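Everything numeric here is computed off the predicted structure, so don't read it as measured data. Lettering of chains follows the sequences in order, A, B, ..., and the numbering in each one begins at 1.
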Number of protein chains: 2
Amino acid sequence: MATRQVTVKDIAGRLRLHYTTVSKALRDHPDISPATKRRVLALAEELDYHPNSIAKNLKNQSTHTLGVIVPSIKNDFFSAVISGIEEVAYGREFNTVVCQSNESAEREAIHLRTLISNRVAGVLVSVAQTTTSGSGFRALQRQGIPLVFFDRVYDDIEADHVVVDDIGGARRVVEHLIERGYRTIAHAAGPPNTSIGRDRCRGYLDALKAHGLDGDEKWIVHGGFEEADGTAALGAFRSRGSMPDAIFAVNDPVARGIHAEVKRNGLAIPRDVAVAGFGDNRLSAYLDPPLTTVSQSPYEIGKTAAAMLLRRIDEPSHKCLCETEVIPTQLIVRKST
Amino acid sequence: MATRQVTVKDIAGRLRLHYTTVSKALRDHPDISPATKRRVLALAEELDYHPNSIAKNLKNQSTHTLGVIVPSIKNDFFSAVISGIEEVAYGREFNTVVCQSNESAEREAIHLRTLISNRVAGVLVSVAQTTTSGSGFRALQRQGIPLVFFDRVYDDIEADHVVVDDIGGARRVVEHLIERGYRTIAHAAGPPNTSIGRDRCRGYLDALKAHGLDGDEKWIVHGGFEEADGTAALGAFRSRGSMPDAIFAVNDPVARGIHAEVKRNGLAIPRDVAVAGFGDNRLSAYLDPPLTTVSQSPYEIGKTAAAMLLRRIDEPSHKCLCETEVIPTQLIVRKST
DNA sequence: CTGAAAGCGCTAACAG
DNA sequence: CTGTTAGCGCTTTCAG
């Protein structure tokens, strides 16, 4: 079993060649005669040779690996983004290592450190909810490792971004609520330290303002990104006295929490309260009534982000003329509004 | 930016120490005096030193990395398994690299190769649907890299397994159908070259037999694991003349395809046809009517599989006294039956 | 076309 | 306690 793994030297020895010759032959270097190449290749196959990329990477001072950090892969959105990233990476013969932060800033930092230690060629991050310091990202950049943020951005860092049009998407869905005739529109907002939390709230306020409805602070509740936060948000609205006509939630899970809690309170959707989300999770189409939401093409986001990162890797020259790609969103109207 | 990364030598130079001394200091080796350690640590911090794990791995001839290959991470089941794996790996300071085969045997083989080349410490695989050769797995084992299969097993390979009790779970759900009074029970089966396809079919047949119902070949249709396969299966049953009372699908997506198609045909669930699945996907609870299914604790599977693998890594001695862990399943009765 | 020598960054064994 | 030497497997440069 643990028979030492085959190296270029082993195959060189058998062939009475120098091991550098073998190394060149394996990489199809023009120096080497076709005949030798054939012999080398044949023996490599026979001996079950597998090149050691660790040694190769050490020598070359580079890896063909991209690091990806997401809050959680069990989340339609992120897993679709990852697929997009992998698709692009795969086409360029890059590997991908996926890490989950579980929304913990600490784990995120640890992952960042091991990615640095493993000298990945570049990193894609969607920031954890609890991250309040950019030092891990800065460390990455000090090592000259390109960084691209997607979806959840850390603002104080100069880096490329790929985001969805959160403001526009939020504005659009709130306008839709207004058009439908709802007037008291509440917002179950995300954590204010996240870009998407802030931007979606901004879009909400913009829409109200544009239509002459004033955004009353009382109709905004800040929470996290989970179903439980939706449940809590509804409780908060109820405790503030009267219920709103409609609630726009920062994302689909929160909307789902509200959706369930509204029904649990014996109210009808959308008759008593309309509910809208953001993100178009798979599940949302299956709720009863199905959820009105905003679709953000996650697969596109992943492909775009990976492409940006690879561009940086290819041309490390460009100083930070950071770019931001905004992926458009699409309103998906269903029965909940 | 691309200022060469800091190495032990750099910090040794500044401190007028030998670089091996620094290396030891950094790893808190007992040889080194506390005073020196402090100086080294302080300067390492100041210079923003990050150990190069590539070099370390090359030297040590080992990595702290586990490879995981799954068909697709955008699948509740697999993403939960991965979380379980990561949890255990993380606790032992192992990294995890996740690869998706997209059900393609070819991609699976490529991933296997790069995992070998990267000298991962061990590999966890859930086999792609189209895999018909075990040569990639055998190559892995020839390199002395421990392998654990979970959920979808490749039979011809001697390796540890973690599977759910597919036969028992299938038998249980079919018995439930029988108890409910259904008599003509069809099975939308999986590909016969997959272990879960075969085992769930076996459980189905066992249950029928135990209750004196004969398994008529006509009520079994083989297909894949996707929603579309469910749609197709229903078409097949209809074309065979009369409809069954109840259909047990190899997994939840297939059940969902059937569920939707039944409703599209204007039939009522469960009045006209009962539908049951396997896997307890998140979505299944949200269908109308919600789907009766079998829960297989994916998080447990992941933890168990990772623990088995780590045990192999710790003690490479054990020749292949391969073990199989069977994780119990649980019947989840909902309104669709 | 093939061979020799050097070195990537780190660790382990041994000497001082 | 600190330094020396050697080497992990590979690639690169320069000679033959």
Under 4.0 Å between any heavy atoms, over every strand shown, what does [X] touch: base, sugar-phosphate, or nothing? Just pick one.
{"X": "A:Ile54", "value": "nothing"}
{"X": "A:Lys59", "value": "base"}
{"X": "B:Ser53", "value": "nothing"}
{"X": "A:Asn60", "value": "sugar-phosphate"}

Between CD1 of A:Ile301 and CG of A:Leu124, what distance do you get to the nearest 0.5 Å?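 Here the interatomic distance stands at 12.0 Å.
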CD (B:Gln141) and CD1 (B:Ile116) are apart, to the nearest 0.5 Å, by 10.0 Å
Among [options], which residue satisfies the side chain to side chain contact (heavy atoms under 4.5 Å, CB included) criterion with [X]?
{"X": "A:Pro71", "options": "A:Arg152, A:Arg107, A:Glu108", "answer": "A:Arg152"}
{"X": "B:Phe78", "options": "B:Val68, B:Val98, B:Val70", "answer": "B:Val70"}
{"X": "A:Tyr49", "options": "A:Leu41, A:Asp10, A:Leu26, A:Leu43", "answer": "A:Leu26"}

Hey, can you pull the residues of residues 19-34 of chain A with a non-hydrogen atom under 4.0 angstrom from DNA chain D?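 A:Tyr19, A:Thr20, A:Ser23, A:Lys24, A:Arg27 - these, ordered by number, are the residues of the stretch whose heavy atoms sit under 4.0 Å from the strand.
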Within residues 41-50 of chain A, the residues having a heavy atom closer than 4.0 Å to DNA chain D are A:Tyr49
Q | Pair A:Ser117-A:Arg113, side-chain donor/acceptor within less than 3.5 Å | A |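 Judged by distance alone, the side chains do not pair up.
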**Item:** Short side-chain donor-acceptor distance under 3.5 Å, B:Gln143 and A:Asp48
**Value:**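 There is such a pair between these side chains.
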Whole-Å gap separating [atom2] ([N]) and [atom1] ([X]):
{"X": "B:Arg39", "N": "D:dC1", "atom1": "CZ", "atom2": "P", "value": "14 Å"}
{"X": "A:Arg38", "N": "C:dC1", "atom1": "CZ", "atom2": "C1'", "value": "15 Å"}
{"X": "A:Asn52", "N": "D:dG7", "atom1": "CG", "atom2": "P", "value": "18 Å"}
{"X": "A:Gln5", "N": "D:dG9", "atom1": "CD", "atom2": "C1'", "value": "11 Å"}
{"X": "B:Asn118", "N": "D:dG9", "atom1": "CG", "atom2": "P", "value": "15 Å"}
{"X": "B:Lys56", "N": "C:dC10", "atom1": "NZ", "atom2": "P", "value": "10 Å"}
{"X": "B:Lys9", "N": "C:dG9", "atom1": "NZ", "atom2": "C1'", "value": "7 Å"}
{"X": "B:Asn57", "N": "D:dG9", "atom1": "CG", "atom2": "P", "value": "13 Å"}

Heavy atoms only: give me the nearest B:Phe225-B:Pro191 pair and the separation to one decimal.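 In this case the closest contact between B:Phe225 and B:Pro191 is CZ-CD, 3.4 Å.
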Between D:dG9, D:dT5, C:dG3, which nucleotide gets closest to the side-chain atoms of B:His18?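 That would be D:dT5.
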Open item on the list: Using a 3.5 Å distance criterion without hydrogens, assess whether the side chain of A:Asn102 forms a donor-acceptor pair with backbone atoms of A:Ser104.
Closed with: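 The answer is no, because no donor-acceptor pair under 3.5 Å joins these two groups.
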Requested in this report: Look at the side-chain N and O atoms of A:Thr36 and state whether any lies under 4.0 Å from the OP1 or OP2 oxygen of C:dT2.
Outcome: yes
B:Gln61 side chain near D:dG9 phosphate (N/O to OP1/OP2, under 4.0 Å):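 Indeed, a polar side-chain atom of B:Gln61 lies that close.
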What orientation do A:Phe94 and A:His64 show, parallel under 30°, tilted 30 to 60°, or perpendicular over 60°?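 Parallel, since the angle between the ring planes stays under 30°.
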